[in-house]
Enquirer: 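First, the structure itself, so that you have it in front of you.
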There are 2 protein chains.
Amino acid sequence: MPAPQSLDSFDRAILAILQKDNTTPQRAIGEAVNLSAPAVQRRIKRMEETGIIRANVALVDPAKVGHPITLFVEVEVESERAELIDAAKRGFIALPEVQQCYYVTGDADFILVVTVATMAEYEALTRRLFFENNNVKRFRTFVAMDRVKVGLEVPVG
Amino acid sequence: MPAPQSLDSFDRAILAILQKDNTTPQRAIGEAVNLSAPAVQRRIKRMEETGIIRANVALVDPAKVGHPITLFVEVEVESERAELIDAAKRGFIALPEVQQCYYVTGDADFILVVTVATMAEYEALTRRLFFENNNVKRFRTFVAMDRVKVGLEVPVG
DNA sequence: ATCCAGACGAAACAAACTTGCAATCAGATG
DNA sequence: CATCTGATTGCAAGTTTGTTTCGTCTGGAT
């Protein structure tokens, strides 16, 4: 019965705005998309309830809060047994330094995005994460020199 | 000039909250950190002005808006001449499908996070991005099977 | 043709944000 | 040691924004 009701063009227009700035007043959004403020508000609420909008957050500049180093790590595991993979996932999720973690196909099994204050901190992290974990076969690190584009915006046009 | 004035523990506590949910009322934040609402508001404003808070955005579930596929792409270029690198950066920034782009050291030069609706769309994208660009030597794709952890939260503890 | 469900807008209402102001505190200066 | 200066605070008033209510309209099914 809950027809997941795909988004119409109003919803998409609203999402496009909120993904750029979710402090935009509903009245302003309404003017932009030709809808009243209450209509905008009801649509936003529905999208939050259905999980289309996953969260509303402030984006922080890592360098300005003492985390100037961003790293990518490709991790290859020894065994892909489900329980070992799940354990690895839980381990990555638990670490605040691991900003993002994806389980992928290809030459690696996991790709991590890590943010740290110093290389020493990263070195300590690798020790705990990889060397002490004997299901990790191999890992490869890339150091970000330039965060050219960083966001989680999804095209909705 | 405003000395960049490092953050105190109030600022960090506020950031921790806003990175999880920036719709939290300032009054509630105030209670959590033992400050009045106006004090919280002034600190937030200052952090926005100094760029510590880069943006306030809604996070959208890509799968629910028709972008179920997330990919990682390692790109290696032929020449690292500054102007060619800059041109590449501009090209990546311009593409909405490219969610994130980092310029990195290591076996690759760029790492991209790409979100698309279908593999056909990705194939078309690679054609435009890589095959028609003769400064791209090689690229390698990883398909995300599980978005284990996705966020841009920076530890501030 | 009628009914029903869903969505809308206008206006009233409630909550949150913002600003002005006086008081407080820390560090620098005489 | 007193004082001055600058920054930050809390409170209270003022303003903006979010939320609810209610009556209307549309489209689809009976």
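Since the model is a prediction, treat every value here as computed from it, not as a measurement. Chain letters run A, B, ... following the sequence lines, proteins first, then strands; residues in each count from 1.
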Enquirer: Test B/Q100 against every option in A/R147, A/K149, A/Q100 by the side chain to side chain donor-acceptor pair (under 3.5 Å) rule and name the one that passes.
Expert: A/Q100

Enquirer: How long is the line joining CD1 of A/I14 and P of D/dG18, in whole Å?
Expert: 13 Å

Enquirer: Go along nucleotides 9-21 of chain C 5' to 3' and tag each nucleotide: B for a protein heavy atom under 4.0 Å from its base, S when only backbone or sugar atoms are that close, - otherwise.
Expert: BBB----SSBBB-

Enquirer: Before giving the answer on side-chain contact (heavy atoms from CB on, under 4.5 Å), spell out for A/L129 and A/V136 the whole-Å C-alpha distance, their side-chain angles and the decisive distance to 0.1 Å.
Expert: CA-CA 9 Å; A/L129 260 182; A/V136 171; over 6 Å; no

Enquirer: Do the charged groups of A/D61 and B/R54 touch, with an N to O distance under 4.0 Å?
Expert: no

Enquirer: Provide, to the nearest angstrom, the distance between the CZ atom belonging to B/R43 and the C1' atom belonging to D/dG10.
Expert: 13 Å

Enquirer: Walk me through it: do A/F131 and A/F139 pass the test ring pair (Phe, Tyr, Trp, His ring centres under 6.0 Å)?
Expert: CA-CA 10 Å; A/F131 293 120; A/F139 71 95; 5.7 Å; yes

Enquirer: Could you tell me which residues satisfy salt bridge (Lys or Arg N to Asp or Glu O under 4.0 Å) with A/R138, sequence neighbours excluded, listed by chain and number?
Expert: A/E76

Enquirer: Calculate the interatomic distance between B/M47 atom CE and D/dT8 atom P; express it in whole Å.
Expert: 12 Å

Enquirer: Are side-chain heavy atoms of A/V113 and A/F72 found at a separation under 4.5 Å?
Expert: yes

Enquirer: On the nucleotide D/dA7, are OP1 or OP2 found under 4.0 Å from the side-chain N or O atoms that B/R46 carries?
Expert: no

